[in-house]
Asks: 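Sharing a structure, written as structure tokens. Questions coming.
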Amino acid sequence: MRIATYNINGVKARLETLEAWLRRETPDVAILQEIKSVDEAFPRSVIEDLGYNLETHGQKGFNGVAILSKHPLEDVTRGLPGDDSDEQARWIEATVVGKTALRICGLYLPNGNPAPGPKYDYKLAWMQRLQARAAALLAAEEPALMAGDYNVIPQAEDARHPEDWVEDALYLPQTREAFRSIVNLGFTDAFRAGTQGAGHYSFWDYQARSWERDNGIRIDHFLLTPQCADLLQGAWIEKEARALDKPSDHVPVWVELDI
DNA sequence: ATGCCGACTAATAGTCGA
């Protein structure tokens with residue numbers, strides 16, 4: 001089973017790009033972020049006509065996540081537990097029923113800039129809630145993954161110019177520490193399980209000719225529970241997607257699981 | 001130090017992203 005996470009930066013603006021990508025790459029499951037649409041306005045039929053089941057968790061204008069799957073989706077939940085007052089649509093879960101059941105969590109972790117400030121406080125608080133949910137997933141001892149736009153640059157090698165990010169919410173020591181605290185519970189960063197070293201990015205800013213200069217960062221990640229990591233057959237970044245017409249500023253990141 | 005670019009909502013500018 002091939003699963004991709006993809007921050008599409010607006011489903012309405014990216015619909016042709018998304019449809020062409022689904023036709024071309026035929027993911028079994030696609031985990032989308034920044035749909036920037038309320039559920040009622042999501043262009044469902046385009047997706048469903050390609051044979052996908054679809055679950056969305058949207059809001060007006062910003063954020064919003066979705067899971068697409070050629071297999072049935074069960075036990076769908078929306079919203080990250082731990083704060084009933086949080087109205088931002090950044091978390092969705094569903095179980096994909098295949099040879100083995102797989103719990104899939106799609107996430108759009110807050111950006112947090114400017115830091116320090118209330119937005120950074122929200123990011124760190126959100127990561128605390130994520131850690132609690134992550135611990136519960138591990139306790140279940142079942143195949144599960146958390147994938148999406150983490151807005152975290154884990155290490156210096158994950159940025160073309162790490163020195164440009166030292167005061168940024170994506171790379172501050174406290175951000176990276178919070179990310180490590182989650183990983184160190186027992187998750188596998190699927191991409192780093194198979195590929196080491198610098199030069200692997202999932203985001204290039206639209207500005208300042210970042211793509212042409214390969215000035216990127218790796219901020220879209222798959223974290224796998226041990227039972228899911230047992231099934232890992234490969235992980236890769238679909239860098240070519242950034243060079244196509246009307247690209248998102250992110251590219252798809254993939255895993256293949258023996259499932 | 002700021003804008004760069006792009007999408008969104010609202011409206012012909014302002015907000016947000018990373």
Side-chain angles (χ1 to χ4, degrees), chain A residues 5-21 32-43 46 56-66 86-91 106-124 126-127 130 147-176 178-179 198-221 237 239 241-253:
Chain A
T5 179
Y6 191 4
N7 181 321
I8 58 172
N9 190 17
V11 70
K12 290 188 280 287
R14 210 70 54 214
L15 190 55
E16 288 186 20
T17 303
L18 176 64
E19 183 181 4
W21 175 71
L32 306 182
Q33 301 88 41
E34 283 209 85
I35 63 174
K36 297 187 179 180
S37 167
V38 294
D39 295 337
E40 304 75 51
F42 195 99
V46 175
T56 63
H57 180 40
Q59 71 178 83
K60 188 183 173 98
F62 302 103
N63 308 324
V65 288
D86 184 0
E87 296 184 349
Q88 299 192 29
R90 297 178 174 277
W91 181 268
L107 67 98
Y108 177 45
L109 204 149
N111 172 311
N113 281 305
K119 291 189 174 182
Y120 192 56
D121 294 340
Y122 174 69
K123 177 174 193 159
L124 292 177
W126 204 93
M127 294 181 84
L130 174 60
D149 177 357
Y150 280 74
N151 272 315
V152 173
I153 303 168
Q155 301 193 85
E157 65 186 8
D158 296 310
R160 176 73 172 80
H161 294 296
E163 67 275 15
D164 290 349
W165 298 92
V166 291
E167 293 183 48
D168 193 283
L170 278 63
Y171 189 63
L172 282 171
Q174 205 174 352
T175 301
R176 298 160 60 200
F179 181 75
H200 304 284
Y201 313 125
S202 64
F203 169 90
W204 295 260
D205 202 300
Y206 288 123
Q207 305 181 65
R209 297 176 53 80
S210 296
W211 168 247
E212 290 79 0
R213 299 174 185 203
D214 197 24
N215 181 12
I217 51 178
R218 192 177 72 93
I219 56 175
D220 299 270
H221 310 297
I237 298 173
K239 183 177 183 179
R242 190 64 178 77
L244 300 178
D245 286 340
K246 282 209 73 180
S248 170
D249 39 8
H250 297 250
V251 296
V253 177

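Below, read A as the first sequence line, B as the second, and so on, with proteins coming before strands; counting in each chain starts at 1. Side chains included, hydrogens not; waters and symmetry mates left out as well; all remaining heavy atoms used.
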Asks: Send over the distance from A:Glu167 CD to B:dA1 C1', rounded to a whole Å.
Replies: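 Distance check: A:Glu167 CD to B:dA1 C1' gives 12 Å.
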Asks: When rounded to the nearest 0.5 angstrom, what is the spacing between OG1 in A:Thr17 and CD1 in A:Ile8?
Replies: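 That separation rounds to 9.5 Å.
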Asks: Pick base, sugar-phosphate or nothing for A:Tyr108, based on heavy-atom distances below 4.0 Å to the nucleic acid.
Replies: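 A:Tyr108: backbone/sugar contact only, no base atoms under 4.0 Å.
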Asks: Suppose you measure atom P in B:dG14 against the same atom in B:dA1; what distance do you get, rounded to whole Å?
Replies: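 To the nearest whole Å, 24 Å.
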Asks: I'd like to check the salt bridge (charged side-chain N to carboxylate O under 4.0 Å, His left out) partners of A:Glu167; sequence neighbours left out, ordered by chain and number.
Replies: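 Checked A:Glu167 against salt bridge (charged side-chain N to carboxylate O under 4.0 Å, His left out); zero matches.
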Asks: Please name all residues satisfying ring-ring contact (aromatic ring centres under 6.0 Å, His included) with A:Phe203, sequence neighbours left out, ordered by chain then number.
Replies: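 A:Phe203: ring-ring contact (aromatic ring centres under 6.0 Å, His included) contacts with A:His250.
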Asks: Go through residues 148-165 of chain A and report each residue with a non-hydrogen atom lying under 4.0 Å from DNA chain B, sorted by number.
Replies: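 By residue number: A:Asp149, A:Asn151.
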Asks: Tell me the closest heavy-atom pair linking A:Pro247 and A:Ala241, and the distance in Å.
Replies: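 The answer is CB-O, 3.8 Å.
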Asks: Across nucleotides 4-14 of chain B, 5' to 3', mark each nucleotide with B, S or - according to how protein heavy atoms within less than 4.0 Å reach it.
Replies: BBSSSSS----
Asks: Just jot down the salt bridge (charged side-chain N to carboxylate O under 4.0 Å, His left out) partners of A:Asp86, sequence neighbours excluded, or say none.
Replies: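 For A:Asp86, the residues satisfying salt bridge (charged side-chain N to carboxylate O under 4.0 Å, His left out) (neighbours in sequence not counted) are A:Arg129.
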Asks: How long is the line joining CZ of A:Phe203 and P of B:dG17, in whole Å?
Replies: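 Going from CZ in A:Phe203 over to P in B:dG17 covers 12 Å.
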Asks: Run the salt bridge (charged side-chain N to carboxylate O under 4.0 Å, His left out) test against A:Arg90 and tell me which residues pass, sequence neighbours left out.
Replies: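 None.
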Asks: Checking A:Glu87 now: which residues fulfil side-chain hydrogen bond (donor to acceptor under 3.5 Å, both in side chains) with it, not counting sequence neighbours?
Replies: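 With sequence neighbours excluded, A:Glu87 shows a side-chain hydrogen bond (donor to acceptor under 3.5 Å, both in side chains) to no residue whatsoever.
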Asks: I need the full list of salt bridge (Lys or Arg N to Asp or Glu O under 4.0 Å) pairs touching residues 148-163 of chain A, with sequence neighbours left out, sorted by first then second residue.
Replies: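 Of all non-adjacent pairs touching residues 148-163 of chain A, those that pass salt bridge (Lys or Arg N to Asp or Glu O under 4.0 Å) are A:Glu157-A:Arg192, A:Asp158-A:Arg192, A:Asp158-A:Arg218.
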Asks: Rounded to whole Å, how long is the line connecting atom CG of A:Leu109 with atom P of B:dG17?
Replies: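 After rounding, the reported distance stands at 12 Å.
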Asks: Work out how far the P atom of B:dA11 is from that of B:dC16, and round it to whole angstrom.
Replies: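 Nearest-Å result for B:dA11 against B:dC16 at atom P: 15 Å.
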Asks: Quick one: side-chain hydrogen bond (donor to acceptor under 3.5 Å, both in side chains) partners of A:Ser202, sequence neighbours excluded?
Replies: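 Once residues adjacent in sequence are excluded, the partners of A:Ser202 under the side-chain hydrogen bond (donor to acceptor under 3.5 Å, both in side chains) criterion are A:Asp220.
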Asks: Write down the distance between CG (A:Asp168) and P (B:dC16), rounded to a whole number of angstrom.
Replies: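 It is 16 Å, rounded to the nearest whole Å.
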Asks: For DNA chain B, determine which residues of residues 111-121 of chain A have any heavy atom closer than 4.0 angstrom to one of its atoms, and list them numerically.
Replies: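 Per residue number, the list reads A:Asn111, A:Lys119.
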Asks: With C1' as the reference atom in both, quote the distance from B:dA18 to B:dT2 in angstrom, rounded to an integer.
Replies: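 Nearest-Å result for B:dA18 against B:dT2 at atom C1': 16 Å.
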Asks: Roughly how many Å apart are B:dA10 and B:dC5, using the P atom of each and rounding to a whole number?
Replies: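 About 26 Å, rounded to a whole number of Å.
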Asks: What distance, rounded to whole Å, do you find between the two P atoms, one in B:dG3 and one in B:dC8?
Replies: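 Rounded to whole Å, the distance is 22 Å.
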Asks: Under the rule for salt bridge (charged side-chain N to carboxylate O under 4.0 Å, His left out), what residues qualify as partners of A:Asp214, not counting sequence neighbours?
Replies: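 For A:Asp214, the residues satisfying salt bridge (charged side-chain N to carboxylate O under 4.0 Å, His left out) (neighbours in sequence not counted) are A:Lys239.
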Asks: What residues form a side chain to side chain contact (heavy atoms under 4.5 Å, CB included) with A:Ala41, not counting sequence neighbours?
Replies: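 With neighbours one apart ignored, the set is A:Ser37, A:Val38.
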Asks: Mind calculating the distance between CG (A:Leu170) and C1' (B:dG17) to the nearest angstrom?
Replies: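 So the two atoms are 10 Å apart, to the nearest Å.
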